[in-house]
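Working notes, structure below.
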Amino acid sequence: MSTTVAKDVNELFNPEVRSEIDRWIAKYPPEWKQSAVMAALRIVQDDNGGWLTTELMNDVAAYLDMPAIAVYEVATFYSMYELKPVGKHKICVCTNVSCMISKADNIVEHLEKRLGISFGEVTEDGRYSLKEVECLGACGGAPMMQIGQQYYENLTPEIVDAILEGLE
Amino acid sequence: MANEVCLRTLDLERPWLLEQYQSRGGYEMLKKVLTEKTPPDQIIEEVKKSGLRGRGGAGFPTGLKWSFITRNAPGQKYVVCNSDEGEPGTFKDRDILRYNPHQLIEGMVLAGYAIGATRGYNYIRGEFWEPYERFEQALEEAREAGYLGENLLGSGFDFELHAHLGAGAYICGEETALLESIEGKKGQPRYKPPFPAHFGLYGCPTIINNTESLASIPMILEKGGEWFSDIGVKNSGGSKLFSISGNINNPGVFEIPMGTPFSQLLEMAGGMKDGRQIKAVIPGGSSAPVIPGDQMMELTMDYDAIAGAGSMLGSGAVVVLDDTNCMVKVLDRMSYFYHEESCGQCTPCREGTGWLYRVVHRIETGQGRQEDLDLLDDVAGKISGKTICALGDAAAMPVQGMLRHFRDEFQYHIDHKRCMVGAG
């Protein structure tokens, strides 16, 4: 038997997160609050340091009046949701064809060496994590990577160093 | 004749701003249609006349798609824009969103007027944060100027438009998966029929068009369908945005007439890097079968020419490979992609893409077996045409294309357990 006490929906999340989710809910027909689930998961993930806990997913389900399983389905289907802790800076490197033939391998190798981690891992200090991603639609600037919301293109190991040193 | 349609404001400073778009006659077409109350059928006829075909990759005639909607049927209808740009090698819609978002908005409102829809969504892939912000900013400007909202310019026509952000899933570029995704579900494609024109977003009649297709509409209506059609060649009306990348000097997006020789496009893109030889070209995104370089140099960039060479123009994503590339390695990476991105719904695709990847990967890593090439042909053939959506075909076609043109490289890998390229 679960002893979880049902939470008051209006008390879920902090006011900023709630108002941001509400802004998304307003984009869809009133009977389709569920349409805001992708945005809601992104917003709570950002607010939680970049990853989703089961509790947060349950809260999103309650807030949007959805079965929890339907939220888990979405959270596990799309690649931008993280179900484990990630680094403060999540470094996503594209290795798809255009990047691959533009020497993305060198960028990956350089990052792995510099940070001491491989794809799917987080540095011990929690500052960085590395993720291999599929084509991000910036092949004209291959090889490329994304950190946070920002794209970085035409990478060389030297440029990567400069970018990392410029991060907070 | 370049940058005549979707990129026509690219030379302006901060071309994404409303005032800049208007300085080139932006929203004039919408004003004209709304004040003159142009009959919607006339708009659809003009789009049909233009020869515009779906720029996302499928190449379905846009005007015909619009005519499938029963305009006078009661109830809500939707216009949905597919900005889930994810076909490897494609990066053109990103530029439309970043540099000319207002033309897309105008195109979507005009599409809504033509089919009798009063609401629209633009589905932007989740990684495109900068393009998404540009688009949101443009929506804000358009709303304030009265181009979005209720009773547009006093015409009695309402149109509301919002952006929806994806979260990383190639499959959502498939139109019915995209609709599922807007509805807040996993992006798994629906059976068709019913087609979205009858049962689309929230079960309502819906048209879904690619970003480039919709952004082309204002110019088609302003200058006429015939003008657009005449830019291109037979069966391939208009100009097209080509995203060209790979082993070239000046990769980028070029808006040029359909039917332009590939050799000219390559020249615009600065030619081959380091003076290397062109080995092969993937002409329409990674799903399009590869074409050997010498053959490609003789082709023009239009639907019929590329189809005639056994491939497809797709999204106009051209990946140029030089002679230092091992084709087994290239296919290994592409097969991994389709395996990663299969939504898991249909068995032939879910299991088959795994088979393709594992077999290509073992050939690449020197573990290939003599029977593997026939096995690849067999598995690819068993996926093609046996799935709900085209992702299965998209995974099978590059395999078949590679084996057709570069079988000897695969055989060499199996025989010598190493690469033919650079093997001396």
Side-chain angles (χ1 to χ4, degrees), chain A residues 23-29 31-43 45 60 64 66 70-82 92 94-105 131-142 144 146 148-151 153-154, chain B residues 76 85-95 119 121 125-130 132-133 160 162-170 172 181-188 202 243-247 250-253 282 286 317 319-322 324-325 329-330 333-334 336-337 340-341 343-344:
Chain A
R23 189 177 75 78
W24 280 86
I25 291 174
K27 292 182 173 195
Y28 308 100
E31 67 277 23
W32 278 96
K33 261 172 44 179
Q34 178 172 349
S35 283
V37 68
M38 291 175 70
L41 287 172
R42 174 176 51 78
I43 294 160
Q45 173 168 288
V60 166
L64 297 177
M66 290 170 68
V71 175
Y72 305 157
E73 279 190 350
V74 170
T76 53
F77 187 83
Y78 297 93
S79 64
M80 291 175 74
Y81 301 121
E82 304 292 342
C92 300
C94 173
T95 58
N96 209 302
V97 174
S98 291
C99 283
M100 182 184 87
I101 65 174
S102 306
K103 313 255 183 285
D105 288 0
K131 183 170 180 165
E132 180 174 36
V133 293
E134 294 301 342
C135 184
L136 294 187
C139 323
M144 65 82 65
Q146 179 170 29
Q149 291 162 344
Q150 184 75 37
Y151 275 24
E153 304 178 37
N154 301 304
Chain B
Q76 185 67 57
E85 185 164 62
E87 176 69 22
T90 318
F91 49 99
K92 64 187 179 68
D93 297 335
R94 177 181 177 225
D95 278 2
R119 288 183 77 87
Y121 291 99
R125 65 176 296 173
E127 295 90 342
F128 276 0
W129 190 262
E130 183 199 15
Y132 158 74
E133 287 198 310
E160 193 44 82
H162 293 289
H164 181 97
L165 262 182
Y170 168 70
C172 289
S181 187
I182 299 181
E183 291 180 4
K185 302 170 192 164
K186 290 187 287 185
Q188 292 192 317
Y202 306 128
S243 325
I244 180 165
S245 66
N247 305 125
N250 180 26
V253 179
I282 299 165
S286 78
V319 183
V320 182
L321 302 150
D322 72 19
T324 60
N325 289 290
K329 188 177 176 196
V330 169
R333 186 60 187 85
M334 293 190 332
Y336 176 78
F337 169 74
E340 262 296 293
E341 297 295 340
C343 83

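Chain identifiers are assigned alphabetically (A, B, ...) following the order of the sequence lines, protein sequences preceding nucleic acid strands; residue numbering begins at 1 within each chain. Keep in mind that this is a model prediction, so the values were computed, not measured.
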Considering residues at least two apart in sequence or located in another chain, which fulfil the ring-ring contact (aromatic ring centres under 6.0 Å, His included) criterion with B:Phe337?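 B:Tyr170.
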
Not counting sequence neighbours, which residues clear ring-ring contact (aromatic ring centres under 6.0 Å, His included) with B:Tyr121? List them please.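 ring-ring contact (aromatic ring centres under 6.0 Å, His included) check on B:Tyr121 returns A:Tyr28.
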
Looking only at heavy atoms and a cut-off of under 4.5 Å, which of [options] has the most pairs with chain A?
options                      : answer
B:Gly252, B:Gly187, B:Gly246 : B:Gly187
B:Glu133, B:Glu183, B:Glu130 : B:Glu183
B:His164, B:Glu160, B:Glu85  : B:His164
B:Arg333, B:His162, B:Glu340 : B:Arg333

Checking heavy atoms, do the side chain of [X], its backbone, both or neither come under 4.5 Å from chain A?
X        : answer
B:Asn325 : side chain
B:Cys172 : side chain
B:Ala317 : neither
B:Ser181 : both
B:Glu127 : both
B:Val319 : side chain
B:Val320 : backbone
B:Thr90  : backbone

When only pairs under 4.5 Å are counted, which of A:Pro29, A:Ala36, A:Gly141, A:Ala142 shares the most heavy-atom pairs with chain B?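 That would be A:Pro29.
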
NZ or CZ of B:Arg94 within 45° of B:Phe91 ring axis and under 6.0 Å: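 No; the conditions do not both hold, so B:Arg94 does not lie above the ring face of B:Phe91.
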
Side-chain (B:Asp95) to main-chain (B:Lys92) donor-acceptor, under 3.5 angstrom: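 Flag not set: sc B:Asp95 to bb B:Lys92 has no pair under 3.5 Å.
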
Determine the interplanar angle of the B:Trp129 and B:Tyr132 rings, folded into 0 to 90°, and report it as parallel if under 30°, tilted if 30 to 60°, perpendicular if over 60°.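 Judged by the thresholds at 30° and 60°, the geometry between B:Trp129 and B:Tyr132 is tilted.
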
Going by distance alone, is a donor N or O of one side chain under 3.5 Å from an acceptor N or O of the other, for A:Thr95 and B:Tyr336?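 No, no side-chain donor-acceptor contact under 3.5 Å.
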
If I measure from the heavy atoms of chain B, does A:Glu73 come under 4.5 Å with its side chain, its backbone, both, or neither?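 Both parts, backbone and side chain.
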
